[in-house]
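This structure is a prediction, so every number in the text was calculated from the model and none was measured.
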Amino acid sequence: MSSVYHEQGRFKDAWVLANSLSNIYEKEDLRKTLNIDVVFESMDLQQDLIANHAELFYPDVLKKLMKDIRLAKGNFIDFNSYLETNQENPSFQRNLISYNMYDKKGFIHGIGISYSKYYELETTKKVYEDNTDNNTMGLEYKITSPLKENKPQYWSRARVELDKKSNSYYQFGAGISSSRERNFKSAEFNLFPVETAPALNQSIYQMQLNLYKDFYIGKSINASVAVEANYYTEGLLSRDTIGPPINPNRMMNPNKLHFRKVITDLGNGVTQVDDIDDGYDSALTLRLMWDKGIEKKSKLVPFVESQVAFGSRDLSVGYPYWIIKERLYGGGGLAWEYNTATFTSRIEGGIFADTFAGNFERFTAQLSYQLFDFTALTFSAEVFQQSTFYSNAIQFGIKHNFKKKYIKRKK
């Protein structure tokens with residue numbers, strides 16, 4: 001009867017019945033067949049069989065399944081550190097350590113502690129009282145839906161932080177992604193303090209929307225389209241000090257005075273003009289890669305890439321944050337992918353013509369290494385080579401999965 005259940009696709013019934021058989025020879029034949037096929041069953045069913053009917057497993061099959069389940073659904077601790085620089089000077093660092101738990105429905109609940117460091121900007125020669133180092137510590141909660149085949153996955157997070165002067169800051173994010181065959185798309189929205197020292201000290205917030213789609217054109221061209229839009233809340237964007245001679249009547253003419261300019265008389269004929277405004281920018285990035293999507297131990301992937309960007313004004317010096325009026329760049333390069341059972345990597349280099357910098361070179365790397373059975377390391381970096389303002393970024397992460405607890409059903 002167990003064989004009949006197996007042929008009918010009633011795998012659990014077949015397993016339970018085979019496990020209850022007393023005839024050792026008949027049971028062993030079924031055991032061999034079912035242990036071959038159990039690895040193709042759903043992880044939920046595998047967990048049920050391990051918790052309640054484990055005697056039928058071969059030890060090596062049981063060990064492999066428990067390892068796979070622990071990596072996929074075991075509670076884990078996650079640490080990530082990110083450093084961003086303006087040219088060679090550090091500008092921002094964030095660190096987050098979190099403990100992540102799976103509930104009965106497969107949702108991940110993460111509780112984390114954050115520490116971020118904001119460095120004084122070295123890109124502006126003007127003196128601003130808000131351009132000083134600061135740091136924040138905070139608490140974050142994140143929920144992520146279960147990953148299911150051909151169904152979208154979504155997440156949301158919220159964070160509250162305090163800086164060294166006990167000023168409070170808030171963050172919020174939400175996103176959704178979907179993957180089917182060779183097609184991936186995602187959308188996310190984030191609200192957070194702008195990640196520079198002067199912007200944080202002014203409590204300038206950034207609202208960011210990201211849209212991304214990855215798909216294939218034919219069998220060999222992997223295409224991606226990315227859209228990013230940002231809105232920055234109001235703050236001090238620039239300051240000028242104007243000495244005599246000056247016409248105070250012209251400065252105070254309501255027909256010519258921009259309503260967001262704050263004018264301060266410093267005495268001795270010197271006037272300070274503060275430009276206070278909000279800001280926005282957006283960018284569209286197109287990328288084409290010659291890649292058939294076939295997994296190989298080693299392969300080369302040539303690519304071309306172009307981006308067009310627009311902003312509300314020119315803040316190319318980086319104070320209090322970086323946006324540019326308009327920009328267009330295009331170019332290409334070569335990526336090398338190398339993958340083994342415990343190590344994955346992608347190293348990429350490209351050269352681009354650019355209306356902002358004339359031209360620039362970009363190098364990126366993404367590495368992942370399974371250090372131990374349940375401990376993994378990740379590393380990524382993006383480095384630019386150009387003469388004007390640019391940002392480099394380095395990220396390091398470590399993740400450890402804890403042993404999965406199996407709950408037996410009450411009889």
Is the centre of the [X] ring less than 6.0 Å from the centre of the [Y] ring?
{"X": "W155", "Y": "F172", "answer": "no"}
{"X": "Y232", "Y": "Y280", "answer": "no"}
{"X": "Y205", "Y": "Y231", "answer": "no"}
{"X": "Y319", "Y": "Y128", "answer": "yes"}
{"X": "W15", "Y": "F57", "answer": "yes"}
{"X": "F360", "Y": "F384", "answer": "yes"}

Salt bridge between [X] and [Y], side-chain N to carboxylate O under 4.0 Å?
{"X": "E161", "Y": "R159", "answer": "yes"}
{"X": "D68", "Y": "K64", "answer": "yes"}
{"X": "D214", "Y": "R287", "answer": "no"}
{"X": "D277", "Y": "R313", "answer": "yes"}
{"X": "R327", "Y": "D354", "answer": "yes"}
{"X": "E195", "Y": "R94", "answer": "yes"}
{"X": "D78", "Y": "K399", "answer": "no"}

Is there a donor-acceptor pair closer than 3.5 Å between any side-chain N or O of [X] and the backbone N or O of [Y]?
{"X": "S145", "Y": "Y154", "value": "yes"}
{"X": "S306", "Y": "T285", "value": "no"}
{"X": "K213", "Y": "N183", "value": "no"}
{"X": "Q370", "Y": "F372", "value": "yes"}
{"X": "N35", "Y": "R31", "value": "yes"}
{"X": "Q366", "Y": "I347", "value": "no"}
{"X": "S345", "Y": "Y338", "value": "yes"}
{"X": "T85", "Y": "E88", "value": "no"}
{"X": "N86", "Y": "N89", "value": "no"}
{"X": "Q46", "Y": "V38", "value": "yes"}

Taking the side chain as every heavy atom from C-beta outward, state whether [X] and [Y] have any pair of such atoms under 4.5 Å apart.
{"X": "P146", "Y": "F107", "result": "yes"}
{"X": "L139", "Y": "I111", "result": "yes"}
{"X": "L236", "Y": "Q202", "result": "yes"}

Rounded to the nearest 0.5 Å, how far does [atom2] of [Y] lie from [atom1] of [X]?
{"X": "I276", "Y": "S238", "atom1": "CD1", "atom2": "OG", "result": "9.5 Å"}
{"X": "K27", "Y": "L30", "atom1": "NZ", "atom2": "CG", "result": "10.0 Å"}
{"X": "N210", "Y": "E228", "atom1": "CG", "atom2": "CD", "result": "5.0 Å"}
{"X": "N167", "Y": "N134", "atom1": "CG", "atom2": "CG", "result": "7.5 Å"}
{"X": "S391", "Y": "F92", "atom1": "OG", "atom2": "CZ", "result": "12.0 Å"}
{"X": "S178", "Y": "K185", "atom1": "OG", "atom2": "NZ", "result": "5.5 Å"}

Exercise. Quick one: does NZ or CZ of R70 land under 6.0 Å from the six-membered ring centre of F374, within 45 degrees of the ring axis?
Worked result: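 Yes, R70 lies over the aromatic ring of F374.
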Exercise. Within 45° of the ring axis of Y216 and under 6.0 Å from its six-membered ring centre, is that where the NZ or CZ of K219 lies?
Worked result: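 No, K219 does not sit over the ring of Y216.
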Exercise. Under 30°, 30 to 60°, or over 60°: which ring-plane class applies to F303 and F352, parallel, tilted or perpendicular?
Worked result: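 Tilted: the ring planes of F303 and F352 meet at 30° to 60°.
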Are [X] and [Y] close enough that a side-chain donor and a side-chain acceptor fall under 3.5 Å?
{"X": "D291", "Y": "N222", "value": "no"}
{"X": "D163", "Y": "T136", "value": "no"}
{"X": "N19", "Y": "E55", "value": "yes"}

Flag yes if more than 12 heavy atoms outside [X] fall under 6.0 Å of its [atom1] atom; otherwise flag no.
{"X": "E295", "atom1": "CD", "result": "no"}
{"X": "Q272", "atom1": "CD", "result": "yes"}
{"X": "I351", "atom1": "CD1", "result": "yes"}

For this session: Under the ring-ring contact (aromatic ring centres under 6.0 Å, His included) rule, collect the residues that match up with W290, sequence neighbours excluded.
Result: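 ring-ring contact (aromatic ring centres under 6.0 Å, His included) list for W290, sorted by chain: empty.
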For this session: Go through the structure and list residues passing ring-ring contact (aromatic ring centres under 6.0 Å, His included) with Y99, not counting sequence neighbours.
Result: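 Counting only residues at least two positions away or on another chain, Y99 forms a ring-ring contact (aromatic ring centres under 6.0 Å, His included) with F402.
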For this session: Start with the C-alpha distance between N131 and E129, add both sets of side-chain angles, then the distance that settles side-chain hydrogen bond (donor to acceptor under 3.5 Å, both in side chains), and finish with yes or no.
Result: CA-CA 6 Å; N131 188 22; E129 60 273 9; over 6 Å; no
Exercise. If you take all heavy atoms of L71 and D373, which pair is closest and at what distance?
Worked result: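 Of all heavy-atom pairs spanning L71 and D373, the closest is CD2-O, 3.4 Å.
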For this session: Please report the closest heavy-atom contact between I204 and G235, naming both atoms and the distance.
Result: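 Of all heavy-atom pairs spanning I204 and G235, the closest is CD1-CA, 3.8 Å.
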For this session: Please report the C-alpha distance between H109 and D103 in whole Å, then the side-chain angles of each, then the deciding distance to 0.1 Å, and finally whether the side-chain hydrogen bond (donor to acceptor under 3.5 Å, both in side chains) criterion is met.
Result: CA-CA 8 Å; H109 303 268; D103 65 17; 3.0 Å; yes
For this session: Dump the intermediate steps for salt bridge (charged side-chain N to carboxylate O under 4.0 Å, His left out) on E348 and R346, then the final yes or no.
Result: CA-CA 7 Å; E348 179 182 294; R346 179 186 176 90; 3.2 Å; yes
Problem set entry | Set of residues satisfying side-chain hydrogen bond (donor to acceptor under 3.5 Å, both in side chains) with respect to S186, sequence neighbours excluded |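 If we apply the side-chain hydrogen bond (donor to acceptor under 3.5 Å, both in side chains) test to S186, skipping adjacent residues, there are no hits.
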